[in-house]
Amino acid sequence: MTLRAWAKPAGLAAALVLAAAAPQAGPAARRAGSVPRERINPAGLSRPRGYTHVVTTRGGKHVFVSGQVALDAEGNLVGKGDLKTQADKAFENLQVALEAAGASFADVVKLNTYVVGYRPQHLAVLREVRALHLGEAALPASTLLGVQALAREGLLIEVEAVAVVP
């Protein structure tokens with residue numbers, strides 16, 4: 001199937017139905033075992049704010065989540081022209097995707113964030129939204145990139161993640 005076919009509502013709806021039918025691992029079962037992970041902020045690097053320089057893991061299932069954007073379940077843009085609203089929706093969508101794989105934000109070890117027309121004044125908004133969804137403890141390794149455009153007109157932010165679960 002082509003990428004264009006998946007972008008159509010029928011293809012997206014079919015993918016969502018398949019994902020919803022997949023067995024779900026509940027948080028209690030997942031938390032019974034724990035994947036060893038180490039967060040390292042080595043001497044010689046600046047003290048990070050809002051992320052960790054290095055995260056290592058051993059064992060577990062690796063979950064790779066495609067970039068999530070500010071689209072609702074029907075594919076409609078949420079928060080046209082509003083970075084904060086779009087960021088919040090992208091993180092909400094990321095949470096849905098993680099949960100579909102039996103993961104949560106606590107399991108995320110790497111985040112990549114892409115912002116259209118990024119400027120330093122955007123950082124405060126992005127940190128606020130990230131903190132709301134990720135909290136302040138056990139932060140993942142992270143990369144923030146300013147980009148010229150995303151895949152669809154009107155999108156301002158895209159967030160992708162890697163998580164590790166037992």
Kindly write out the residues that satisfy side chain to side chain contact (heavy atoms under 4.5 Å, CB included) with N93, not counting sequence neighbours, or none if the list is empty.
Q68, K89
Qualifying salt bridge (Lys or Arg N to Asp or Glu O under 4.0 Å) pairs, either residue in residues 112-128, two or more places apart:
K84-E128
Side-chain donor-acceptor pairs of residues 150-164 under 3.5 Å, sequence neighbours excluded:
{"from": "R152", "atom 1": "NH1", "to": "G75", "atom 2": "O", "distance (Å)": "2.6"}
{"from": "R152", "atom 1": "NH2", "to": "G75", "atom 2": "O", "distance (Å)": "3.1"}
{"from": "E160", "atom 1": "OE2", "to": "N112", "atom 2": "ND2", "distance (Å)": "2.8"}
{"from": "E160", "atom 1": "OE2", "to": "Y114", "atom 2": "OH", "distance (Å)": "3.0"}

Please answer: with hydrophobic residues joined when any side-chain heavy atoms are less than 4.5 Å apart, are V69 and V96 in the same cluster?
no
Do you reckon L134 sits in the same ILVMFWY cluster as V125, going by side-chain contacts under 4.5 Å, direct or chained?
no
Taking atom CG of L94 and atom CD of E99, what is their separation to the nearest 0.5 Å?
10.0 Å
Would T143 and K110 count as having a side-chain donor-acceptor pair, cut-off 3.5 Å?
yes
Return the set of residues passing side-chain hydrogen bond (donor to acceptor under 3.5 Å, both in side chains) with S142 (not counting sequence neighbours), or none when no residue passes.
R130
Please answer whether the main-chain N or O of R39 pairs with a side-chain N or O of T52 as donor and acceptor at a distance below 3.5 Å.
no
Any side-chain heavy-atom pair of L132 and D88 under 4.5 Å
yes
Please collect all ring-ring contact (aromatic ring centres under 6.0 Å, His included) contacts where either partner lies in residues 84-104, sequence neighbours excluded, each pair once.
F91-H133
Can you give the donor-acceptor pairs under 3.5 Å from side chains of residues 40-47 to other protein atoms, not counting sequence neighbours?
{"from": "N41", "atom 1": "OD1", "to": "H53", "atom 2": "N", "distance (Å)": "2.9"}

Considering non-hydrogen atoms only, spot the tightest contact between V65 and A97 and give its length.
CG1-CB, 3.6 Å
Any non-hydrogen side-chain atom of L71 less than 4.5 Å from a side-chain atom of V78?
no
Can you tell if the side chain of P140 reaches within under 4.5 Å of the side chain of L111, non-hydrogen atoms only?
yes
Is there a side-chain contact between Y118 and L126 (heavy atoms, below 4.5 Å)?
yes
Do L144 and L123 pass the side chain to side chain contact (heavy atoms under 4.5 Å, CB included) test, and can you show the C-alpha distance, the side-chain angles, and the key distance before you say yes or no?
CA-CA 9 Å; L144 171 61; L123 189 56; 3.9 Å; yes
Tell me every residue that passes side-chain hydrogen bond (donor to acceptor under 3.5 Å, both in side chains) with T56, counting only those two or more places apart in sequence or in another chain.
none
How long is the gap from OH on Y51 to CG on L139, to the nearest 0.5 Å?
11.0 Å
Test: ring-ring contact (aromatic ring centres under 6.0 Å, His included). Region: residues 57-88. Which pairs qualify, not counting sequence neighbours?
none
Partners of T57 by side-chain hydrogen bond (donor to acceptor under 3.5 Å, both in side chains), sequence neighbours excluded?
none
